[in-house]
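This one's a predicted model, so the numbers in the text were calculated from it and none came from an experiment.
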Amino acid sequence: MKKALFAALAGVVVLAGCAKTEVVETSDSANIRFDNAFVGNPTKATVNQVATDQFDNFYVLAYTTDNANFFSNEKVYLKNGVYVYDDLKQWKQNAGYAFAAYSNGGYNAATDGVLTGVTFAGDELKIADYTVKNDDKRDLVVSISDTELETANTPVAFTFDHALAMIKFTLNNGVGDNDIQITGFTVKQVPNTATMTLNAGSIKWGATSANTDFTSADFTSTQETAGESDEFVVIPVTDGVNLEIAFTATVAKADGTQITNDLKSTIATYTWQPGYRYNYVATITGTDLEVIEFAAPVVTTWEDFTNPNAGNPDPEIPLEDAQ
């Protein structure tokens, strides 16, 4: 999995060029500082982000040997090209620091991204009861710093990992020259609430505690271009549960009449891993839209989707008429 690296340092003047970044320290050299938070491998169009892939805001937690809440969900935000935070803190000698951070879609200044139920203790970052929603598709990235803090005012460095997964559905047209209109596309009762823990570089999600339906905008499948559903940001699940989809497919015939059929499918024992995208591909066939077949998805890292039918030996999953 690719990772996003940034160095954390605040209250500085930064002169950025294409090849390097020069940092000129202020007289407040004892302050803990944050600057230049970039994502090297961002999510795509479903996530709030700007063209530079730079965080507008993120949140920091930290503890020391004598203060369990040294940073307590502290917002770090971009102002005049520099990352700042409101409650300035200073380094202390021999304090034994540990730092963690998260960004919940913080690519846009209008998106705050603060989460409740976030704790950091014993080198474990925990986000309790995180919920994904159909109309709020955010990229949750998390990190625990492994920076050695032996010298005064050493910059804190984070390497972020994507904590969520993404899925979408591609419908190929196998009925001839006529376009297929897809309406009411729904992924039913998707697990959408669970607790995440990050420990020693490993992201784990607990049992899901709620479900919701995800719906896509209507789309069209032509002979030239397969139809694609919206991308859905989902909680990673590893216990192999069933996934049900349903939609209405409509084809206009040459005589002006239409063929309409409600289709559904159950994809058995699926699993999703953090930081991966899954593309489920189907082919609609038959003059009466009687048959639709799903191939097992190709799993990719957080990049563009690929066609899972290319060289995929896995058996296809048929869809049936909705009853």
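With sequence neighbours excluded, the residues forming a side-chain contact (heavy atoms from CB on, under 4.5 Å) with N211 are Q189, P191, listed by chain and number. Residues meeting the side-chain contact (heavy atoms from CB on, under 4.5 Å) test with T220, sequence neighbours left out: D179, Q181, T222. The side-chain hydrogen bond (donor to acceptor under 3.5 Å, both in side chains) check on T195 picks up nothing, with sequence neighbours excluded. Every residue meeting the side-chain contact (heavy atoms from CB on, under 4.5 Å) condition with S229, not counting sequence neighbours, appears here in chain and number order: K168, F169, F185, S216, F219, F232. The side-chain hydrogen bond (donor to acceptor under 3.5 Å, both in side chains) test applied to Q258 returns no partner, not counting sequence neighbours. Scanning for side-chain hydrogen bond (donor to acceptor under 3.5 Å, both in side chains) contacts around S202 gives an empty result, with sequence neighbours left out. In this view, T193 and T131 satisfy the side-chain hydrogen bond (donor to acceptor under 3.5 Å, both in side chains) rule, not counting sequence neighbours. Take T64 and apply the side-chain contact (heavy atoms from CB on, under 4.5 Å) test, not counting sequence neighbours, and it matches D66, N67, F70, A95, Y97. For D87, the salt bridge (Lys or Arg N to Asp or Glu O under 4.0 Å) partners are K89, not counting sequence neighbours.
For the residue pair Y130/N192, the side-chain donor-acceptor check at 3.5 Å is not satisfied. Between the side chains of N73 and Y102, at least one donor N or O sits under 3.5 Å from an acceptor N or O.
A heavy-atom distance below 4.5 Å is found between the side chains of Y59 and V114. Counting heavy atoms from C-beta outward, I182 and T250 have side chains that stay 4.5 Å or more apart. In this structure the side chain of V190 reaches within 4.5 angstrom of the side chain of V234, judged on heavy atoms. Considering only heavy atoms from C-beta on, I180 comes within 4.5 Å of V175 through its side chain. Within the 4.5 Å cutoff, side-chain heavy atoms of I144 are placed close to those of F120. Contact annotation: the side chain of D139 approaches that of V141 to within less than 4.5 Å [non-hydrogen atoms, C-beta and beyond]. N261 is not listed as a side-chain neighbour of T248, based on a closest heavy-atom distance of 4.5 Å or more. Under the 4.5 Å side-chain criterion, counting only non-hydrogen atoms from C-beta, L61 is not in contact with T119.
Without hydrogens or angle criteria, N134 side chain to T215 main chain gives a donor-acceptor distance under 3.5 Å. Formation of a donor-acceptor pair under 3.5 Å by the K137 side chain with backbone atoms of E231 is found in this model. Without hydrogens or angle criteria, W205 side chain to A163 main chain gives a donor-acceptor distance under 3.5 Å. Using modelled atom types, one side-chain atom of N173 and one backbone atom of S221 make a donor-acceptor pair closer than 3.5 Å.
Taking both residues in full, the closest heavy atoms of V132 and F214 are given as CG2-CZ, 4.0 Å, listed atom of the first, atom of the second, then distance. Taking each heavy atom of F160 and S103 in turn, the nearest pair found is CE2-N, 4.3 Å. Taking both residues in full, the closest heavy atoms of H162 and I203 are given as O-CD1, 3.7 Å, listed atom of the first, atom of the second, then distance. When all heavy atoms of G113 and N104 are compared, the pair lying nearest together is O-CB, 3.1 Å. Taking each heavy atom of G206 and A194 in turn, the nearest pair found is O-CB, 3.7 Å. Considering every non-hydrogen atom in both T183 and D218, the closest pair reads CA-OD1, 3.3 Å.
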With side-chain contact (heavy atoms from CB on, under 4.5 Å) as the criterion, how do Q273 and Y278 come out once you've worked through the C-alpha distance, each side chain's angles and the decisive distance to 0.1 Å? CA-CA 9 Å; Q273 297 291 336; Y278 298 80; 3.6 Å; yes

Working note: W272 + L243, criterion side-chain contact (heavy atoms from CB on, under 4.5 Å); need CA distance, chi angles, decisive distance, verdict. CA-CA 12 Å; W272 301 322; L243 183 69; 4.0 Å; yes

Run the side-chain contact (heavy atoms from CB on, under 4.5 Å) test on N172 and I284 for me, step by step, so that the C-alpha distance in whole Å, both residues' side-chain angles and the decisive distance to 0.1 Å come before the verdict. CA-CA 6 Å; N172 292 312; I284 302 176; over 6 Å; no

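A distance of 6.5 Å separates NZ in K264 from CD in E244, rounded to the nearest 0.5 Å. With values rounded to the nearest 0.5 angstrom, Y63 atom OH is found 14.0 Å from S72 atom OG. Expressed to the nearest 0.5 Å, how far CG of L198 lies from CG of D161 amounts to 7.0 Å. Here the CD atom belonging to E228 is positioned 4.5 Å from the OG1 atom belonging to T170, to the nearest 0.5 angstrom. The NZ atom of K188 sits 13.0 Å away from atom OG1 of T212, with the distance rounded to the nearest 0.5 Å. Interatomic distance, L164 CG to M196 CE, rounded to the nearest 0.5 Å: 9.5 Å.
Applying the salt bridge (Lys or Arg N to Asp or Glu O under 4.0 Å) test to pairs two or more places apart or on separate chains, none has a residue in residues 196-217.
The existence of a salt bridge linking R138 and D136 is confirmed by a sub-4.0 Å separation between a basic side-chain nitrogen and an acidic carboxylate oxygen. Look at K75 and D112 and you find a salt bridge, because one of the NZ, NE, NH1 or NH2 atoms lies within 4.0 Å of a carboxylate O, short of that distance.
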